[in-house]
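Heads up, the thing below is written out as structure tokens.
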Amino acid sequence: MKILQIAGLTKRYGNITAVNNLNLEIESGSVFGILGPNGSGKTTTLGTVLGIIKADSGNFTWFDGKYGNQERMHIGALLETPNFYPYLSPVKNLEITAHIKRCSEPEIDRILEIVNLAQRRDSAFSTFSYGMKQRLAIAAALVGNPEVLIFDEPTNGLDPQGIAEVREIIQRIAGEGKTIIMASHILDEVEKVCSHVAIIKRGNLLASGEVGAILSNDRQVDIAAEDLGRLRELLANFPGVNSIKEKGKRLQLQVSQTMTATALNKLAFDNGLILSHLAMKPKSLESEFLEITAGK
Ligand code: ATP
């Protein structure tokens with residue numbers, strides 16, 4: 001099922017186009033990263049599909065329209081850290097969240113297990129570290145057992161241990177079959193946590209698809225010879241060729257960065273094959289990534 005379809009979404013602030021004619025489809029069960037540098041339109045996109053920000057044009061559909069205008073009940077979101085009562089425990093705070101969400105069976109103990117806060121269930125919120133506060137915010141988004149979770153930069157401001165913990169929690173939530181949509185400016189984070197990614201810059205979508213295909217360091221090669229079967233056999237055992245797909249009368253390869261056209265040509269030639277086509281595709285997105293933080 002399509003969890004979210006966005007078609008032609010545009011949002012302007014004065015003469016700034018925060019989101020420009022955005023088209024996206026998010027499948028159920030994916031961990032979908034929206035990756036882009038600061039100011040690229042990630043928060044505006046999330047705010048729009050949550051109904052907090054009104055788009056200038058375009059539209060979006062949640063859950064294939066299954067829930068009509070009750071869709072919001074099935075989405076848990078963490079856009080900015082919510083306010084919690086400092087002198088109350090996480091249990092009490094989540095009970096209040098459940099009350100606001102009109103959720104009669106909030107399963108608070110189960111949620112506190114997921115976010116690694118079960119041991120602190122009765123401590124006052126004011127005694128929490130920043131990382132614990134962020135985990136409680138994730139817990140609040142989980143109240144009501146939503147099918148989709150939206151997280152805007154969920155690891156921002158956390159120390160390395162806190163980052164690792166939140167990433168683990170996200171994977172745990174995904175493991176329960178939930179769909180997760182998260183904004184990030186950290187390439188490494190999206191590579192580690194997400195199954196799918198959309199890369200945006202200045203409101204424009206640069207690429208979207210499976211993380212392996214979009215963010216891999218592999219280069220793509222189109223190659224052909226008359227005896228395609230034999231060429232495929234040779235390539236299958238050639239170090240540096242990571243995958244082979246047949247596309248019509250050509251093969252499409254993912255090869256490691258160090259692979260050269262000469263090496264492929266020589267392989268064919270040494271085995272009595274003449275290549276009729278050989279094209280190494282440059283990584284067109286590479287320069288776009290330079291503005292996106294690669295580290296933690
Ligand atoms: P960040 O990671 O820094 O939050 P982002 O990718 O989430 O960045 P947005 O916050 O969506 O980006 O901002 C996109 C653009 O729209 C930016 O140029 C920003 O300055 C502008 N913008 C966002 N909100 C407003 C607003 N309320 N009024 C005017 N301009 C805005």
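All ligand and atom numbering here is 1-based and tracks the order in the structure.
At least one heavy atom of Gly41 sits closer than 4.0 Å to an atom of ligand 1.
Dense packing is recorded around NZ of Lys101, with more than 12 heavy atoms of other residues, nucleotides or ligands lying under 6.0 Å away. The environment of His277 atom NE2 is dense: over 12 non-hydrogen atoms of other residues, nucleotides or ligands sit within 6.0 angstrom. For Glu176, the CD atom sits in a packed shell: over 12 heavy atoms of surrounding residues, nucleotides or ligands are nearer than 6.0 Å.
Across Leu9 and Ala55, no two heavy atoms sit closer than the pair CD1-CB, 3.7 Å.
Of the options Glu153, Lys201, Arg202, Lys42, the smallest heavy-atom separation from atom 6 (O) of ligand 1 is shown by Lys42. Counting only non-hydrogen atoms, the option in Thr45, Thr44, Leu79 that gets closest to atom 9 (P) of ligand 1 is Thr44.
Residues Arg219 and Gln254 fail the side-chain proximity criterion, which asks for heavy atoms closer than 4.5 Å.
Ring-plane geometry between His74 and Tyr67 is classed as parallel, the angle between the planes falling under 30 degrees on a 0 to 90 degree scale with a further cut at 60.
For atom 4 (O) of ligand 1, the closest heavy atom belonging to the protein is Thr43 OG1, 3.5 Å. Looking only at heavy atoms of the protein, atom 28 (N) of ligand 1 is closest to Tyr13 CD2, 3.5 Å.
In this structure a side-chain-to-backbone donor-acceptor pair under 3.5 Å is present from Ser276 to Ala224.
The presence of a protein heavy atom under 4.0 Å from atom 23 (C) of ligand 1 is confirmed. Distance check for atom 20 (O) of ligand 1: every protein heavy atom is found at 4.0 Å or beyond.
For Gly39, a nitrogen or oxygen atom sits less than 3.5 Å from a nitrogen or oxygen atom of ligand 1, counting backbone and side chain alike.
Within ligand 1, counting atoms from 1 as listed, the ones closer than 4.0 Å to a heavy atom of Ala18 are 14 (C), 15 (C), 16 (O). Within ligand 1, counting atoms from 1 as listed, the ones closer than 4.0 Å to a heavy atom of Pro37 are 6 (O). Counting atoms of ligand 1 from 1 in the listed order, those under 4.0 Å from a heavy atom of Ile16 are 18 (O).
Atom CD1 in Ile138 sits 8.5 Å away from atom CG in Leu149 (nearest 0.5 Å).
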